[in-house]
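To start, the structure under review is shown below, and the notes come after it.
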Amino acid sequence: MTDAQLILERCDELATISSSPDFLERVHLSPEHAAANALVAGWMEQAGLSTWQDAAGNQCGRIEGREEGLPALLLGSHIDTVPDAGRYDGMLGVLLAIQVASRIEPGTLPFALEVVAFSDEEGTRFGTALLGSRALAGTWDDEWWNLTDKDGITLFEAFQDFGLDPARLPGAFRRPETLVGYLEAHIEQGPILEDADRQLAVVTSIAGARRFALTMHGKAGHAGGTPFDRRRDALVGASELVVEIERLSRTHDVIGTVGKLEAFPGGVNVIPGRAEFSLDLRAEFDDDRDKVLALIEQAAAEIAGRRGLEFEQHEIYRADAVVCDLDLRQAVESGIRSIGDDDPMAFWSRAGHDGMAVVAATPIAMLFLRCKGGVSHHPDEAVKQADVTAALDAFEAAVRSLAERH
Ligand code: HGY
Ligand code: MN
Ligand code: MN
């Protein structure tokens, strides 16, 4: 079996660890997270790494460099998923990293090599994303302990249920002087590589994103008896805003998405008295994103005023844009050249990644590989075996190139 076949088989195996038999969903601090960590730890050990689970539930592994205790180059990605996920977003990056480590003879690099399977990148369970990587980077906010999941379980309780001691969370922090940098391989999650008929790219920067919980408050009432001119229909107001969010985003070249929308009380014959919905807003540059946010807020106020509604917004997540480190980028580029691509493609990531958090502790860079149709956050996510081979070889070469100049 080739390394790429092994990686793809392992992605399939990880995809069976799900909270539902019908689709893939594996969230932070769940029993499935524990099972995935155990499986990944076993693969790390087979690859020659010594392993531990850190104080934030990140699964880690390490091989020493020329001396014991040298600062570490981190390779990794995440093993949590969105609801009804594909099997490569995150997991493929972890498995590529393990396979790179398996190709490195311990005691030969001028730094230690560590692989991290981050516990929470997506934020599916608690709304706030990057919890694993923020713990590692030392940017944890104690207010997050009170975040709750859909069953009302707090993050604090979830840590305890998982067997982690919240008081020990600072132990997950990696001091910058113990690190050399962070490299992540990830599927592109967009169509740029496929449209250009290319396998790999180096990432220049990662888009900054802000996420909000939005509410339109109106008044519930009888669907038959309430004339239109007396209605304060929260869902129609929210819907108007959803359409406006798309229009404003498109005109100003930022990316705005409403991914959740729920009407309350939720009866077929009841005018919705409240609509709760979400906003994910991102752009290459934070200023562009924030200008469109102001326009969305104006539109919301206008719609609410005209329809007799009240609009409320609550920011649940913010990560500003991150520029990839030039030295690490060059290492990734030389990795891509090593597989015969003389002119590596370079572009910014529209998707968020653990590197956005890790950058607080150490410089970061990323390698993208093509995925089928640019599809991600969907069970149809797919990659070609040849592209996995290319990514693995390029990723290994990037690590070796970094070692040469270190
Ligand atoms: O939402 C994102 O960009 C990432 O996939 N978490
Ligand atoms: Mn994702
Ligand atoms: Mn991802």
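The first residue in the sequence is number 1, and the count goes up from there. Note that ligands are numbered from 1 as they come in the structure, with each ligand's atoms numbered from 1 the same way.
Each of Glu121, Glu32, Met91, Glu122 was evaluated against Thr81; a single residue qualifies, Met91, per the side chain to side chain contact (heavy atoms under 4.5 Å, CB included) test.
Contact atoms of ligand 1 toward Glu121: 4 (C), 6 (N) (distance under 4.0 Å to a heavy atom of the residue). Those atoms of ligand 1 with a heavy atom of Ala351 less than 4.0 angstrom away are 3 (O). Counting atoms of ligand 1 from 1 in the listed order, those under 4.0 Å from a heavy atom of His377 are 1 (O), 5 (O). Which parts of ligand 1 touch Arg211 is read off a 4.0 Å heavy-atom cut-off, strictly below it: atoms 1 (O), 2 (C). Atoms of ligand 1 found under 4.0 Å from any heavy atom of Glu122 (numbered from 1 in listed order, with element): 4 (C), 5 (O), 6 (N).
Asp320 and Arg289 are joined by a salt bridge, as a carboxylate oxygen and a charged side-chain nitrogen come within less than 4.0 angstrom of each other. Asp393 and Arg103 are joined by a salt bridge, as a carboxylate oxygen and a charged side-chain nitrogen come within less than 4.0 angstrom of each other. Salt-bridge formation is detected for the pair Arg318/Asp290: a Lys NZ or Arg NE/NH1/NH2 atom is positioned less than 4.0 Å from an Asp or Glu carboxylate oxygen. Salt bridge annotation for Arg247-Glu244: present, with a cationic side-chain nitrogen under 4.0 angstrom from a carboxylate oxygen. Salt-bridge annotation for Arg307 and Asp233: absent, with no side-chain N of the basic residue lying under 4.0 Å from a carboxylate O of the acidic one. Salt-bridge formation is not detected for the pair Asp120/Arg134: no Lys NZ or Arg NE/NH1/NH2 atom is positioned less than 4.0 Å from an Asp or Glu carboxylate oxygen.
For Glu121, every N, O or S atom stays at 2.8 Å or more from the Mn ion (ligand 2). Not a single N, O or S atom of Asp354, from either the backbone or the side chain, sits less than 2.8 Å from the Mn ion (ligand 3). The nearest N, O or S atom of His78 is not closer to the Mn ion (ligand 2) than 2.8 Å. Inclusion of His353 in the first shell of the Mn ion (ligand 3) is not supported: no N, O or S atom falls under 2.8 Å.
Here the N, O or S atom of Glu122 that is nearest to the Mn ion (ligand 2) is OE2. The Mn ion (ligand 3) is closest to atom NE2 of His186 (considering only N, O or S atoms). For Asp89, the N, O or S atom closest to the Mn ion (ligand 3) goes by the atom name OD1. When you scan the N, O or S atoms of His377 for the one nearest the Mn ion (ligand 2), you land on NE2.
Ranked by closest heavy atom to atom 3 (O) of ligand 1, the top entry among Arg350, Arg282, Met356 is Arg282.
Aromatic ring orientation, Trp145 versus Phe159: perpendicular (interplanar angle above 60°, classes split at 30° and 60°).
Between Tyr182 and His353, the distance from one ring center to the other does not fall under 6.0 angstrom. A distance of 6.0 Å or more separates the ring centres of Phe173 and Trp140.
Given atom 4 (C) of ligand 1, the protein heavy atom at minimum distance is Gly352 O, 3.4 Å.
Residue contacts with ligand 1: His353 is excluded, as none of its non-hydrogen atoms falls under 4.0 Å.
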